[in-house]
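Each ligand, and each atom within it, is numbered from 1 in the order the structure gives. Scope of the values below: all heavy atoms of this structure, side chains included, with no hydrogens, waters or symmetry mates.
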Amino acid sequence: MNPFENALEQLDRAAKIGNIDPEVLLRMRHAEREVHVSIPVTMDDGSLRIFEGYRVQHSSARGPYKGGIRFHGDTNIDEVRALALWMTMKCAVADIPMGGGKGGITVNPKELSKAEIERLSRGWVRGLYPVLGPQIDVPAPDMNTNPEIIGWMADEYAKLTSDTTGAAFTGKPVGKGGSEGRSIATGMGGFYTFDALREHLHVPTPATVAIQGMGNVGGNAAKIFEEHERRIVAISDSRGGVYEKNGLNVADVLAYKEKNGALKNFPGAEEISNEKLLELPVDCLIPAALENQITKENAHRIQARVIVELANGPTTTDADDILFSRGIMVVPDILANSGGVIVSTFEWEQNQKGEHWSERDVLEKMKTILETQARLIAKRASELQTDMRRAAFVVALERIATALN
Ligand code: NAD
């Protein structure tokens, strides 16, 4: 499934039940600007390679474009378009003063040295800096990009422009203008959202959890959900996962992966494929890796009570219908994983004001936003007798319409 087609279908489905102005819908189907750059990189052996880079600036109706940069071998313009559209919706759902954008480079970073990744990251900024900036477009990390990479990008941007605030990029290292709490924000926000909706979702306390993906989002979510006495029975990386029905020790699993680079032969747990992990009988399933993981092929085999989407676009619309008819609630990505962009916005605000907030303040402010919006969207879903994804899109589109009028 092309993720952009999935995103457009999500828009249409919400518009049908939400009485959305057709002109607003038409605007949302098209990004305001798409920039495609060729990035020349001198490799360590002296040869030259050209990489394809992108920035899709979907909507600035509610504020500067905001969204991460993904490094992945399969990244292409349609994936970035979908991710940018979801960012517009996500920022509107969180009711933060940001629009939506997304960036990427088609590259498998595992094949590059650290020095090559740094040159590539700086090259992306050299290609795109005229269309970036604190009041224009503010990128952040996504898959395979991290604070170190964002730090290089912010540094390159500062060299190329007169901006000294650091507010053109978020997700920077804490010592270099980054916000406290940003690295755990998406996982933490996922937990706050889940916890605020416990009653609505009818999940027991403590709940059992399976997580697909163990990068920034999945790894932090695993630690946070475990801390709150919820059993993590399975977790995976791109090559597969581990399963223990009585609960894994998350710190041990993460340390094993760090040391060995993979989960193979992790002691005291069964190996499990990514496909089987999604079908485990758990209270809460957390996809935290890629798009298109729950589709019409496997939706009827999902046994989780609820799905909390920390990845972007893990569920197709066909699968949404199957899950809804089976009474499996989906907490949609544009709500569940918005903790990252909320704290990114706090970082942007702190940089511009020259402030540095404590982790406690940051998390408390994020929690208040997520609890308020999660409850509002659950209520709207009940009123509209629909799933939370459509309700979240309706709320977002209404807010965007107000900004456009
Ligand atoms: P990451 O690069 O830190 O981690 C990605 C994880 O996914 C890794 O554990 C990797 O092994 C795993 N993975 C890759 N391919 C896989 C496959 N085919 N099957 C199973 N696992 C696979 O990336 P991240 O920042 O944790 O992002 C993960 C997801 O969360 C993405 O969809 C991203 O768009 C979304 N997201 C990230 C943030 C953020 O703040 N970083 C915010 C909101 C949403």
Side-chain angles (χ1 to χ4, degrees), residues 3 7 66-75 79-80 82-87 89-91 93-94 100 102-105 107-110 117 139-150 169-172 178-179 181-190 193 210-223 234-242 253-254 257-258 261-264 272-278 285-294 298 308-315 331-347 366 370:
K66 185 91 198 76
I69 307 163
R70 177 174 293 195
F71 288 1
H72 199 280
D74 295 334
T75 288
E79 181 185 64
V80 182
L83 291 162
L85 190 159
W86 286 324
M87 285 310 299
M89 300 300 138
K90 195 181 301 185
C91 293
V93 163
K102 202 81 180 191
I105 302 178
V107 59
N108 178 356
K110 287 182 187 150
I117 292 176
D142 191 73
M143 275 188 97
N144 292 321
T145 51
N146 57 26
E148 187 176 33
I149 290 174
I150 297 296
F169 285 81
T170 61
K172 301 178 290 295
S179 177
R182 175 61 184 89
S183 58
I184 60 165
T186 309
M188 195 76 223
T193 310
I211 305 180
Q212 184 196 45
M214 52 188 297
N216 172 283
V217 176
N220 280 305
K223 286 191 251 178
I235 189 162
S236 65
D237 68 11
S238 57
R239 279 167 285 188
V242 286
V253 180
L254 295 177
K257 157 90 181 170
E258 176 81 26
L263 296 173
K264 203 159 180 57
I272 188 166
S273 67
N274 267 302
E275 293 73 34
K276 288 280 171 239
L277 181 146
L278 297 172
L285 172 65
I286 302 184
L290 290 170
E291 301 92 60
N292 292 338
Q293 298 303 298
I294 304 170
N298 63 356
V308 177
E309 294 184 332
L310 294 193
N312 284 307
T315 312
V331 186
D333 46 8
I334 58 170
L335 169 66
N337 72 29
S338 63
V341 74
I342 293 171
V343 175
S344 267
T345 303
F346 295 161
E347 179 172 330
M366 168 173 75
L370 285 170

For ligand 1, the portion of [X] having any non-hydrogen atom under 4.0 Å away:
X    : value
N144 : both
R70  : side chain
T186 : side chain

> Looking at P141, S183, P147, which hits side chain to side chain contact (heavy atoms under 4.5 Å, CB included) with N216?
Replying inline: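 The passing option is S183.
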
Below 3.5 angstrom, do we get any N/O pair linking [X] and ligand 1?
X    : result
L290 : no
K257 : no
N312 : yes
V217 : yes
L83  : no
S238 : yes
R182 : yes

> Between the side chains of R182 and S344, does any donor sit under 3.5 Å from an acceptor?
Replying inline: yes

> Will you find, in the side chains of N312 and N337, an N or O donor that is under 3.5 Å from an N or O acceptor?
Replying inline: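 Distance-only check passes for N312 and N337.
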
Test item: [X] and [Y] side chains (from C-beta on) under 4.5 Å apart, heavy atoms:
X    : Y    : value
K264 : R239 : no
L277 : L285 : yes
D333 : P314 : yes

> Is the backbone N or O of E291 less than 3.5 Å from a side-chain atom of Q293, with the two atoms forming a donor-acceptor pair by type?
Replying inline: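 Flag set: sc Q293 to bb E291 pair under 3.5 Å.
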
> Distance-only, no hydrogens or angles: does the N220 side chain make a donor-acceptor pair with backbone N or O of M188 under 3.5 Å?
Replying inline: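 It does not hold such a pair.
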
>> Using every non-hydrogen atom in the two residues, find where V93 and L335 come nearest and quote the distance to one decimal.
In response: CG1-CD1, 4.0 Å

>> At less than 4.0 angstrom from any non-hydrogen atom of L310, what atoms of ligand 1 do you find?
In response: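 Numbered from 1, ligand 1 contributes 30 (O), 35 (C), 36 (N), 44 (C).
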
>> If we only consider heavy atoms of Q293, is any one of them less than 4.0 Å away from an atom in ligand 1?
In response: no

>> Suppose we measure from atom 3 (O) of ligand 1 to each protein heavy atom; which comes out shortest, and what is that distance?
In response: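 For atom 3 (O) of ligand 1, the nearest protein heavy atom comes out as N216 N, 2.8 Å.
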
> Who's closest to atom 28 (C) of ligand 1 heavy-atom-wise, of G219, G215, A288?
Replying inline: A288

